[in-house]
Amino acid sequence: LSPEKAIKDLQKAINVADEGSVILVAEGNYLGTLDQGFIELKKYMSLVGGFNSDFTERDPIKYITWIRPDATHISTSGAHASLDIYVTGKQNGIVLVDGFSFDKGEYNKYCKYNPSDPVTGSPEGCETGRILTVEESPMVPTIGGAPLSVPLLRGNVQGQVTIRNCTFINANDFAVSMGCKGGHFDIYNNVFVANRMTACEVRGMMADHSLCSVDFHHNTVLFTWCRTKVMDGQGVAFRYHTGITTKVYNNILGCSNHAALE
């Protein structure tokens, strides 16, 4: 397609494209079918964001390709992650997510900013107080959407998965939570900031553990929040799992509530 005939709806482009296609995505906020607030990928495909509107230049920092639902999408997004990827059938099939920015900032519910009330957990310089979890209803004013526990990027994949040049911001329940059904995950050159629970985890899902592997490298992960306000678990930059060969190297991991690595 020419830029003039480009499909404006990313979900429609995914649905009509052949397996193995590379979809180039211009700047903007993509919210799925009928703007429900999520995107689904169910076939081997490459999604490459960060282009300007006429596709003559690519710069994911300058031309931000968002998947950024807000409070108006709570009733339509259900239990979906911002991007759900469920693809199996090919050990060497390729799934690429490159140059996207995921943000649940206005989708979440927060305590209203009030540094004089410690219940609100209002750090200096922030727009709101602390994020709220599903279980709590503090007796303080709140703002935003709802405390829904869904990741930014989630799924189970068999094949060769690459996630790079992305930003993951303000996840209420994991930024990246994936299962490997055979194959390799390469996750690098991403930025994770202000996510709750764990910034990234990849689980092995095969009886033969040698069939699953993940490399997590050259990422920056900052301010990963714990599971609850009393800091009783998680708050981890990268979480190791059994059943998968894991290599973690050359990352910047800082300011996690619980640990850089678990």
Side-chain angles (χ1 to χ4, degrees), residues 1-56 58 60 63-104 106-107 148 150-168 171 174-187 190 202 205:
L1 294 175
S2 66
E4 294 77 20
K5 295 182 179 179
I7 297 174
K8 305 299 184 182
D9 183 329
L10 176 55
Q11 188 65 66
K12 181 179 179 181
I14 291 171
N15 293 346
V16 302
D18 294 332
E19 185 166 88
S21 295
V22 178
I23 297 180
L24 309 183
V25 190
E27 61 185 328
N29 189 19
Y30 296 88
L31 298 168
T33 302
L34 300 176
D35 287 345
Q36 293 180 95
F38 63 91
I39 303 292
E40 292 183 288
L41 183 59
K42 297 182 179 180
K43 50 189 166 183
Y44 295 103
M45 190 171 289
S46 297
L47 306 179
V48 183
F51 287 89
N52 61 354
S53 58
D54 61 5
F55 296 94
T56 58
R58 183 179 186 236
Y63 306 112
I64 301 177
T65 303
W66 293 104
I67 300 179
R68 183 176 58 180
D70 59 30
T72 64
H73 303 107
I74 290 169
S75 61
T76 57
S77 61
H80 289 277
S82 297
L83 175 59
D84 279 326
I85 305 177
Y86 290 90
V87 187
T88 59
K90 296 181 180 180
Q91 189 79 2
N92 293 317
I94 293 173
V95 172
L96 170 66
V97 180
D98 184 348
F100 283 78
S101 292
F102 301 85
D103 182 10
K104 279 284 184 72
E106 296 181 8
Y107 185 94
L148 300 178
V150 290
L152 293 173
L153 195 160
R154 178 181 59 191
N156 301 324
V157 180
Q158 178 186 18
Q160 307 300 309
V161 179
T162 301
I163 301 168
R164 67 189 181 202
N165 303 323
C166 295
T167 59
F168 298 91
F174 297 92
V176 175
S177 181
M178 301 288 291
C180 178
K181 305 191 80 169
H184 180 69
F185 280 66
D186 195 15
I187 302 173
N190 302 288
V202 181
M205 302 181 70

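All residue numbers refer to positions in the sequence shown, counting from 1. These figures come from a predicted structure and were not determined experimentally.
N156 contributes atom CG, which lies 8.5 Å from atom OG of S177 (distance to the nearest 0.5 angstrom). For the atom pair CG (L148) and NZ (K104), the distance works out to 7.5 Å, reported to the nearest 0.5 Å. With rounding to the nearest 0.5 angstrom, the CG atom of D54 is 4.5 Å from the CG atom of N52.
Side-chain atoms of D70 never come within 3.5 Å of backbone atoms of E106 as a donor-acceptor pair (strictly under, hydrogens ignored). A distance-only check finds a donor-acceptor pair linking the side chain of D9 to the backbone of K12 [under 3.5 Å]. Counting only distance, with no hydrogens or angles, the side chain of S21 and the backbone of D18 share a donor-acceptor pair below 3.5 Å. The backbone N or O of C166 lies less than 3.5 Å from a partner atom in the side chain of N190, making a donor-acceptor pair. Looking at T65, its side chain never comes within 3.5 Å of a backbone N or O of G49 through a donor-acceptor pair. A donor-acceptor pair is defined here as one N or O able to donate and one able to accept, closer than 3.5 Å; such a pair exists between the side chain of N15 and the backbone of Q11.
Residues V157 and C180 form no side-chain contact, since every pair of their non-hydrogen atoms from C-beta on lies 4.5 Å or further apart. For the pair L10/I23, a side-chain contact is recorded, criterion being any heavy-atom separation below 4.5 Å from C-beta on. The closest side-chain heavy-atom distance from L152 to V176 is not below 4.5 Å. You'll find the side chain of L31 stays beyond 4.5 Å of the side chain of I67, heavy atoms only. Proximity of I39 to D84: side-chain heavy atoms (C-beta onward) are nowhere separated by under 4.5 Å. Looking only at side-chain heavy atoms (C-beta outward), H73 and Q36 stay at 4.5 Å or farther from each other. Residues V25 and F100 have side chains in contact (heavy-atom distance under 4.5 Å, counting atoms from C-beta outward). Counting only heavy atoms from C-beta outward, the side chains of I85 and R154 never approach each other to under 4.5 Å.
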Distance-only donor-acceptor hits, side chain of residues 88-95, under 3.5 Å, sequence neighbours excluded:
| from | atom 1 | to | atom 2 | distance (Å) |
| --- | --- | --- | --- | --- |
| K90 | NZ | E19 | OE1 | 2.9 |
| Q91 | OE1 | Q158 | NE2 | 3.2 |

Decide yes or no on side-chain contact (heavy atoms from CB on, under 4.5 Å) for M178 and F185, but give the supporting numbers first.
-> CA-CA 9 Å; M178 301 288 291; F185 280 66; 3.7 Å; yes

Kindly determine whether L34 and T76 satisfy side-chain contact (heavy atoms from CB on, under 4.5 Å), including the steps that lead there.
-> CA-CA 9 Å; L34 300 176; T76 57; over 6 Å; no

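Checked by atom type, the side-chain pair Y107/S82 shows no donor-acceptor distance below 3.5 Å.
Contact record, A26 with S53: CB-CA, 4.2 Å, taken as the closest heavy-atom pair. F168 approaches A175 most closely through the heavy-atom pair CB-CB, 3.8 Å.
Under the rule for a side chain to side chain contact (heavy atoms under 4.5 Å, CB included), the partners of L24 that lie at least two apart in sequence or sit in another chain are V22, V48, F51, F55.
By the neighbour-count criterion of 12 heavy atoms within 6.0 Å, atom CD of E27 is densely surrounded, having more than that number from other residues, nucleotides or ligands.
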